[in-house]
Amino acid sequence: MNNDLIVPITSVCLNVTDACNFDCKYCFVNHQPNHMSFQVADDTCKWLLNNSNTPQIFFFGGEPTLRWSDIIVPLVEKYPKIKYSITTNGFVLDKEKIDFLSKHNFSVMLSMDGNELTQSYNRNSNSFKHLDSIIPYLLEKIPLINFRGTIIPDTCMHTFENICYAYNKGFKTCYFTINIFEEWLTEDRLMLEEEIKKFTLAYINSWVNNKEFINFTPFSDMIKLLVKKELNLLDNKVNIYKCGLGRGYGAIDYKGDIYTCQEIVTYRENNEKFRIGNIYTGLNKSNLNNLAQEIVNDLPVVNNIAECGECPLKFCCKKNTCQVNNFICNQHCLIQSENQCWW
């Protein structure tokens with residue numbers, strides 16, 4: 001076992017519940033549902049504080065605000081020195097809850113897909129009017145909140161409108177990605193490509209006219225990579241631990257089991273390889289070692305190495321692949337899904 005693979009976990013994602021008040025068409029969470037007890041959440045904080053002088057906790061679900069009163073509030077008030085973040089669909093937020101998040105310096109990611117048509121269809125909910133009404137106060141109290149949306153084939157033709165919605169509401173940054181787990185037909189892809197072209201023209205126009213426009217990732221990340229490549233400034237080293245994978249970060253389930261990523265926690269069929277320990281028994285060195293051997297210094301492939309070798313954008317995969325999603329799609333951490341490659 002290579003000892004430098006064992007890095008103290010200083011930040012954790014608490015999967016406080018698998019339940020949700022929405023029924024999003026693309027959700028990857030297996031809504032059993034399982035719920036974390038306050039005892040496990042409390043024990044996680046104690047365990048984390050033993051590991052780190054700068055501990056961080058991310059509240060995640062399902063919808064974590066469903067555990068507002070019995071986990072989030074008492075935990076934050078008991079451990080004020082921990083840095084907190086939350087990913088939420090925002091539906092139960094009101095001024096009182098937003099004030100609490102602001103008072104305790106939360107980082108917030110708002111999971112919302114865009115305008116009313118897209119939001120209502122993607123989320124199977126009537127949440128838009130409430131969210132639209134609270135966003136101004138949310139941004140007033142937490143200015144650097146991030147807007148996070150998912151693009152699906154049925155509503156992909158509204159992608160540029162949805163990005164503009166976030167911009168017009170006052171968000172500085174948005175993150176949109178496709179649902180890689182469903183079928184993207186040729187006509188769907190062409191529609192989405194046109195939407196990205198619309199954003200590209202707006203992005204260039206704002207830059208030429210020295211005007212601020214919303215930072216859309218991963219688009220802006222790809223631009224930076226391309227510029228660095230053109231200037232011969234690209235770092236060709238592959239950071240195989242960029243998303244954690246057991247080094248400094250872990251996702252905690254309702255039993256106190258530690259996983260490398262929150263997206264794999266409810267993937268019950270085959271998540272054992274990503275379970276790297278338990279808060280009560282410690283890290284599993286064997287699983288960490290197995291992951292380190294599998295996720296080697298190499299590029300993810302689509303069909304074969306030769307195909308990737310001919311790709312002019314293969315350097316982008318070094319920075320923009322998800323080992324967990326690769327595994328879910330192809331049972332291999334380095335074989336990227338064809339949808340992700342296209343995106």
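These figures come from a predicted structure and were not determined experimentally.
- Between Tyr254 and Asn15, the closest side-chain pair of non-hydrogen atoms is not below 4.5 Å.
- Under the rule for a ring-ring contact (aromatic ring centres under 6.0 Å, His included), Trp343 has no partner lying at least two apart in sequence or in another chain.
- Evaluation of the ring pair (Phe, Tyr, Trp, His ring centres under 6.0 Å) test over residues 44-63, restricted to residues two or more places apart or in two chains, returns Phe59-Tyr84.
- Taking Asn146 as the reference, Met109, Thr173, Tyr175 meet the side-chain contact (heavy atoms from CB on, under 4.5 Å) condition, with sequence neighbours excluded.
- By the 4.0 Å N-to-carboxylate-O rule, Asp253 lies too far from Arg275 to be salt-bridged with it.
- Connectivity analysis of hydrophobic side chains (ILVMFWY, heavy atoms under 4.5 Å, direct or indirect) links Ile204 to Trp207, Val208.
- Residues that satisfy the salt bridge (charged side-chain N to carboxylate O under 4.0 Å, His left out) test with Asp42, not counting sequence neighbours, are Lys46, Lys78.
- For Asn205, the side-chain contact (heavy atoms from CB on, under 4.5 Å) test picks out Asn209, with sequence neighbours left out.
- Apart from Met191 itself, the hydrophobic cluster it occupies contains Met157, where clustering links Ile, Leu, Val, Met, Phe, Trp and Tyr at side-chain heavy-atom distances under 4.5 Å.
- Through direct or relayed side-chain contacts under 4.5 Å between Ile, Leu, Val, Met, Phe, Trp and Tyr, Leu201 connects to no other residue.
- Taking the six-membered ring for Trp and thresholds of 30 and 60 degrees, Phe199 and Phe213 have nearly parallel ring planes, at less than 30 degrees apart.
- Legend: residues meeting salt bridge (charged side-chain N to carboxylate O under 4.0 Å, His left out) with Lys197, ordered by chain and number and at least two apart, are Glu194.
- Two residues are said to be in side-chain contact when any heavy atoms from C-beta on lie closer than 4.5 Å; Thr177 and Ile151 fail this criterion.
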Show the atom names and distances, to 0.1 Å, of all donor-acceptor pairs under 3.5 Å that link a side chain in residues 86-95 to residues at least two apart or in another chain.
{"from": "Thr88", "atom 1": "OG1", "to": "Glu63", "atom 2": "OE2", "distance (Å)": "2.7"}
{"from": "Thr88", "atom 1": "OG1", "to": "Gly90", "atom 2": "N", "distance (Å)": "2.9"}
{"from": "Asn89", "atom 1": "OD1", "to": "Phe91", "atom 2": "N", "distance (Å)": "3.1"}
{"from": "Asn89", "atom 1": "ND2", "to": "Asn21", "atom 2": "OD1", "distance (Å)": "2.9"}
{"from": "Asn89", "atom 1": "ND2", "to": "Glu63", "atom 2": "OE1", "distance (Å)": "3.2"}
{"from": "Asp94", "atom 1": "OD1", "to": "Glu96", "atom 2": "N", "distance (Å)": "3.2"}
{"from": "Asp94", "atom 1": "OD1", "to": "Lys97", "atom 2": "N", "distance (Å)": "2.9"}

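- Note that the CD atom of Glu338 and the CG atom of Asn330 stand 10.5 Å from one another [nearest 0.5 Å].
- By the 4.5 Å side-chain criterion applied to Ile, Leu, Val, Met, Phe, Trp and Tyr, Tyr121 is assigned to a cluster that also includes Tyr26, Ile152.
- With sequence neighbours left out, Tyr165 forms a ring-ring contact (aromatic ring centres under 6.0 Å, His included) with Phe128.
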